[in-house]
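From a predicted model like this one, the values you see are computed outputs, not experimental measurements.
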Amino acid sequence: MVNSWIEVEFEELVDYIQPTKYIVRSTDYKENYKTPVLTPGKSFIKGYTNEEDGIFKQLPAIIFDDFTTASRYVNFPFKVKSSAMKILVPFCDLINLKYVFYAMQITDVRSDTHKRYWISVFSKSHIPLPPINEQNRIIDKIEELFSDLDNGDENLKKAQNQVNAYRQALLKYAFEGKLTEQWRKENNPEPAEKLLEFIKEERQQRYEQELKDWKAAAKEWEKNGKKGRKPGKPTKLIDFAPLHQEILEQLPPIPKDWEWIRNNDILYYVTSGSRDWKKYYDETGAYFIRTQDIKTNKLEIENAAYVNLPENVEGKRSLVQKGDLLMTITGANVGKIAFIKDEIPEAYVSQSVALMKPINPKITPYLHLYFQSDVYGGKMIKGLVYGVGRPVLSLENMREAPLALCSFEEQEQIILEIESQFSIIENLEKTIESGLNKSEALRQSIIKRAFEGKLVTQDPNDEPASELLKRIQAEKKKYQEEQKKLRKKAPKKIKKMSKGLSIEEVLKTSDKPMLTKNVWQKSKHKENIEEFYAELKKVKSKVDEVKKGTQSLLSLSK
């Protein structure tokens, strides 16, 4: 560390303010409203509110996510989304808050345990403190260098948007029939209605065979004295009415030999995973596919969870196989889709992921592309999503979604032409992503050099940091005395008797471990998470806590 610098803890420079008074009451956000609602995470601005009270104006400030340790520097009035954060403010004007903020970006604190981090860990972390003039020079230099990087990032993101627009234009061109227009003239494929007849026959034959196999298995089960579970009867085939004329008139154009049908017409069955499989989580076993494993319209199984299943567990119908199609049906990524192109180790879907099994797997790659189109399949799915805050897509909705069907031959030609273009698009996307990652790495390098004293030159005429700290401590004392006076003046709140449940009472309502977050929401402390954790600390001898990845499960000790 530089000689004129000293080491201090974050809590020597900033105070924390609980966000309770500044939480937005309504999430009915609109762009023309004045006050931004913030979160320290990637989204930052959740929306804008017209609420005029409870606006935080003690600026500048840092908002700090108490669970993930993400942070944002803020220099405009705001409200917040939740209580799961701290608002940090400097004790006095002798502290450059941007310097503190950048120090936080390179402070290495593990945040993989479900707990509050500011008071217990982060505030006690050490940072180097240079003279105030040098802090200002460091920030000026960082922002100068970051400005150049921002310009580069802006160009890369613009290119990223253009690549995505090209992808969507290509999909639109394909599903309105223009991509294969010349091919159709030269090859004269069969009309889609012929393929639909073939698929329906195949569907019926498959069902009859399953029925026959079930009867034989049931007879064998009876012959063996009805030992074990009785074989399950195949589910009856579900048929939907054809699309009404008024719906057809609202759908985008397709060639005359194509057919608008319902997704159900080409599926043998659709299902989703069973509830409560979290109790089977393990370090090894079968893959358990969740929404986060299908973020980019493909399955990324590397970080999937594992489940170790009992032999006769209900829900093995959600086994994933080659030729299947998976779609997310809850949450922000609803409608993302993955095609299981190759053989896959034993894997099952969670209740937030739908599993579609086409009657003939030859159609699956076509469906995978179709549901990625913002004008065709993707738009159909989004139009069926319901729910505010946490969007949901039902299995019935998925079945009834309109599908533009063409012959197998033309499907293969569409896939061939799109995939040749997609390989170019994916290479471009990788190049852009690499550029953005390099930019982020360079930012971290700049900040690291700054806090090693290597970004700007030291000035021997600057007031030493040790003297600066003495002045900060004097101002901090004044600040704390002033806060104490304000608290005394504030009218005391009459605490009402809570009719809610204690932590133990909440846990008694379930015979299975509960997520910590769910216990909090069902307890009498749902409006104040600090009180929740205070009670949890008191009853820790009566409660067992189990970690599952980044989540924490609570249950009463036995």
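Here Arg167 pairs with Glu429 in a salt bridge; the nearest charged N to carboxylate O distance falls below 4.0 Å. A salt bridge links Asp66 with Lys86; the closest basic N to acidic carboxylate O contact falls under 4.0 Å. Of the charged side-chain nitrogens involved, none lies within less than 4.0 Å of a carboxylate oxygen, so that Glu426 and Lys430 do not count as a salt-bridged pair. Classification of Lys194 and Asp257 as a salt-bridged pair fails, no side-chain N sitting under 4.0 Å from a carboxylate O. Between Glu410 and Arg184, at least one side-chain N (NZ, or NE/NH1/NH2) sits under 4.0 Å from a carboxylate O, which counts as a salt bridge.
Using a 4.5 Å heavy-atom cutoff, the side chains of Cys406 and Tyr366 are in contact. With a 4.5 Å cut-off on side-chain heavy atoms, Tyr73 and Ile63 do not count as touching. At least one side-chain heavy atom of Leu299 sits less than 4.5 Å from a side-chain heavy atom of Ile344.
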Carefully, step by step, assess Asp153 and Ser439 under the rule side chain to side chain donor-acceptor pair (under 3.5 Å).
-> CA-CA 7 Å; Asp153 286 356; Ser439 173; 2.8 Å; yes
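Judged by the 6.0 Å and 45° rule, Arg206 forms a cation-pi pair with Tyr268. With a 6.0 Å cutoff to the six-membered ring centre and a 45° limit on the axis angle, Arg262 does not count as a cation-pi contact of Phe240.
To the nearest 0.5 Å, atom OG of residue Ser352 and atom CD1 of residue Ile289 are 12.5 Å apart.
Asn437 and Ser434 are not linked by any side-chain donor-acceptor pair at a separation below 3.5 angstrom, with hydrogens and angles left out of the test. Side-chain contact of Gln204 with Glu208: a donor-acceptor pair under 3.5 Å is present, judged by distance alone. Judged purely by distance below 3.5 Å, without hydrogens or angles, the side chains of Gln411 and Lys362 never pair a donor atom with an acceptor atom. A donor-acceptor pair shorter than 3.5 Å cannot be found between the side chains of Glu409 and Gln413.
When all heavy atoms of Tyr376 and Glu176 are compared, the closest pair comes out as OH-CB, 3.1 Å. Residues Asp374 and Lys379 share a closest heavy-atom pair of O-CB, 3.1 Å.
Checked options Trp277, Tyr287, Tyr280; the residue passing with Tyr306 is Tyr287 (criterion: ring pair (Phe, Tyr, Trp, His ring centres under 6.0 Å)). For the pairing with Lys336, the side chain to side chain contact (heavy atoms under 4.5 Å, CB included) check across Thr328, Val353, Ile381, Thr296 returns one residue only, Thr328. The only option from Asn263, Asp239, Asn264 that meets the side chain to side chain donor-acceptor pair (under 3.5 Å) definition with Arg399 turns out to be Asn264.
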